[in-house]
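Data block below; observations after.
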There are 2 protein chains.
Amino acid sequence: MLKLSRLADYAIVILVKLGEQDGVVTSPALAAITGVPEPTVAKVLKVLSAHGFVLSQRGAKGGYRLARSLADMSVASVIAAVDGQIALTACVGGRECDTGLSCGLCGSWDVINTAIRSTLEGISLESMRPKEACSTVLTQINKLNATQTVREGA
Amino acid sequence: MLKLSRLADYAIVILVKLGEQDGVVTSPALAAITGVPEPTVAKVLKVLSAHGFVLSQRGAKGGYRLARSLADMSVASVIAAVDGQIALTACVGGRECDTGLSCGLCGSWDVINTAIRSTLEGISLESMRPKEACSTVLTQINKLNATQTVREGA
DNA sequence: CGAAACAGGACCATTCAGGTCTTTAATTAG
DNA sequence: CTAATTAAAGACCTGAATGGTCCTGTTTCG
């Protein structure tokens with residue numbers, strides 16, 4: 001479904017939340033703030049730390065803090081860090097597809113990949129912050145939940 | 001990795017290849033042309049038929065042909081047909097995220113989803129065709145890479 | 001009537017993402 | 001110096017879903 005991995009989703013949320021805190025924050029604290037299970041938060045933070053998005057401080061009184069401003073982090077870079085390079089298909093950058101094969105679509109896929117990538121690069125984490133629009137959205141949500149039957153599924 | 005499902009990939013290739021043939025083409029024939037295993041080709045074609053991308057003719061001498069021009073099919077529509085609506089995250093269109101939860105990013109994701117979607121809607125299957133289009137495409141890529149400011153980050 | 005080919009499922013299997021746990025190392029507090 | 005706290009690193013399990021196969025109709029042509 002061309003969907004984002006949940007880890008990447010978490011990473012964005014965690015970074016944004018982390019940016020709203022003062023000083024260093026422990027992963028249990030972030031877990032509490034975000035609602036994401038603690039071990040998972042820790043895992044994501046380790047990846048983010050390895051890629052230079054956050055700075056870590058070990059030991060007692062340790063924790064994490066942003067390595068730079070949210071405005072300087074693009075959605076694309078976070079996704080790339082967590083999930084690997086954004087590549088819709090196998091045959092990217094002249095690399096041949098899985099099998100033989102006769103797809104012959106050349107670099108056509110590259111156009112798509114580039115387009116998606118630049119789209120996501122143009123969106124900073126700063127622009128993902130809630131803002132005042134939130135209230136409006138929450139109202140909509142409540143309205144939706146009230147009116148429509150939740151076709152949950154399972 | 002924000003990757004396209006293989007079925008959607010196949011669908012695009014199949015449609016493009018089908019557009020290059022004359023008359024109706026059987027699924028075994030398309031399998032031979034594309035290199036994709038026949039049962040899978042058949043499955044994809046059934047989905048495409050159900051969504052009106054191809055017209056089918058049953059019985060002996062039957063087969064498939066395009067329902068309309070490749071120029072009238074967007075990459076987005078094909079992906080949506082095969083994989084379902086394009087939605088990077090769970091919380092889209094006011095629907096709340098998985099758990100509780102305090103992500104609070106509200107409709108921020110909608111911006112991204114819309115951006116991706118419109119990007120893919122702007123690319124027709126016609127522009128995915130190989131040949132002379134290839135050079136043009138490469139030019140586009142270079143232009144994109146040159147013009148846009150890469151606020152990479154990592 | 002029989003062969004060819006689509007229609008529409010059911011169904012299995014493999015992959016991999018998501019998540020948990022354990023151990024180790026670093027840092028600070030007492 | 002010792003103990004407590006917390007990140008680092010990685011092994012490992014599980015479950016969902018994608019990818020792929022197959023089977024049983026149904027239609028159409030020869």
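Sequence lines set the chain letters: A, B, ... in the order given, protein chains first and strands last, and positions in each chain run from 1.
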Sorted by number, the residues of residues 39-55 of chain B with heavy-atom contact under 4.0 Å to DNA chain C: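 The answer is B:Lys46, B:Ser49.
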
Check whether any side-chain N or O of A:Thr119 sits under 3.5 Å from a backbone N or O of A:Ala115 as a donor-acceptor pair, and report yes or no.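 Indeed, once roles are kept as given, a pair shorter than 3.5 Å links the two residues.
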
Under the 3.5 angstrom rule, does the side chain of A:Ser118 hit a backbone N or O of A:Thr114 as a donor-acceptor pair? yes

Calculate the interatomic distance between [X] atom [atom1] and [N] atom [atom2]; express it in whole Å.
X	N	atom1	atom2	answer
B:Ile14	D:dG20	CD1	C1'	13 Å
A:Glu38	C:dG19	CD	P	13 Å
B:Asp83	D:dT18	CG	P	7 Å
A:Leu7	C:dT20	CG	C1'	13 Å

Output the single nucleotide from C:dC6, C:dG18, D:dG19 whose closest atom is nearest the side chain of A:Arg6.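 Among the listed nucleotides, the one closest to the side chain of A:Arg6 is C:dG18.
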
Please determine, for the side chain of B:Ser56, which listed nucleotide (C:dA7, C:dG19, D:dA7) has the closest atom?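 For the B:Ser56 side chain, the nearest candidate turns out to be C:dA7.
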
Can B:Ile112 and A:Met128 be said to form a side-chain contact (heavy atoms from CB on, under 4.5 Å), step by step? CA-CA 9 Å; B:Ile112 297 183; A:Met128 292 289 291; 3.7 Å; yes

Smallest separation among heavy atoms of [X] and [Y], with atom names:
X	Y	value
B:Leu45	B:Ser27	CD1-CB, 3.7 Å
B:Asp83	B:Ala8	OD2-CB, 3.3 Å
A:Phe53	A:Ala81	CE1-CB, 3.5 Å
A:Ser74	A:Leu120	CB-O, 4.1 Å
B:Val41	B:Leu30	CG1-CB, 4.0 Å

Full working for side-chain contact (heavy atoms from CB on, under 4.5 Å) between A:Val24 and A:Tyr64: CA-CA 5 Å; A:Val24 297; A:Tyr64 295 93; over 6 Å; no

Short side-chain N/O contact to D:dG19 OP1/OP2 from B:Tyr10, under 4.0 Å: no

Can you tell me if the side-chain N/O atoms of B:Ser27 get under 4.0 Å from OP1 or OP2 in C:dC6? yes

Any residue of residues 58-68 of chain B with a heavy atom less than 4.0 Å from an atom of DNA chain D: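 Output list: B:Arg58, B:Gly59, B:Ala60.
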
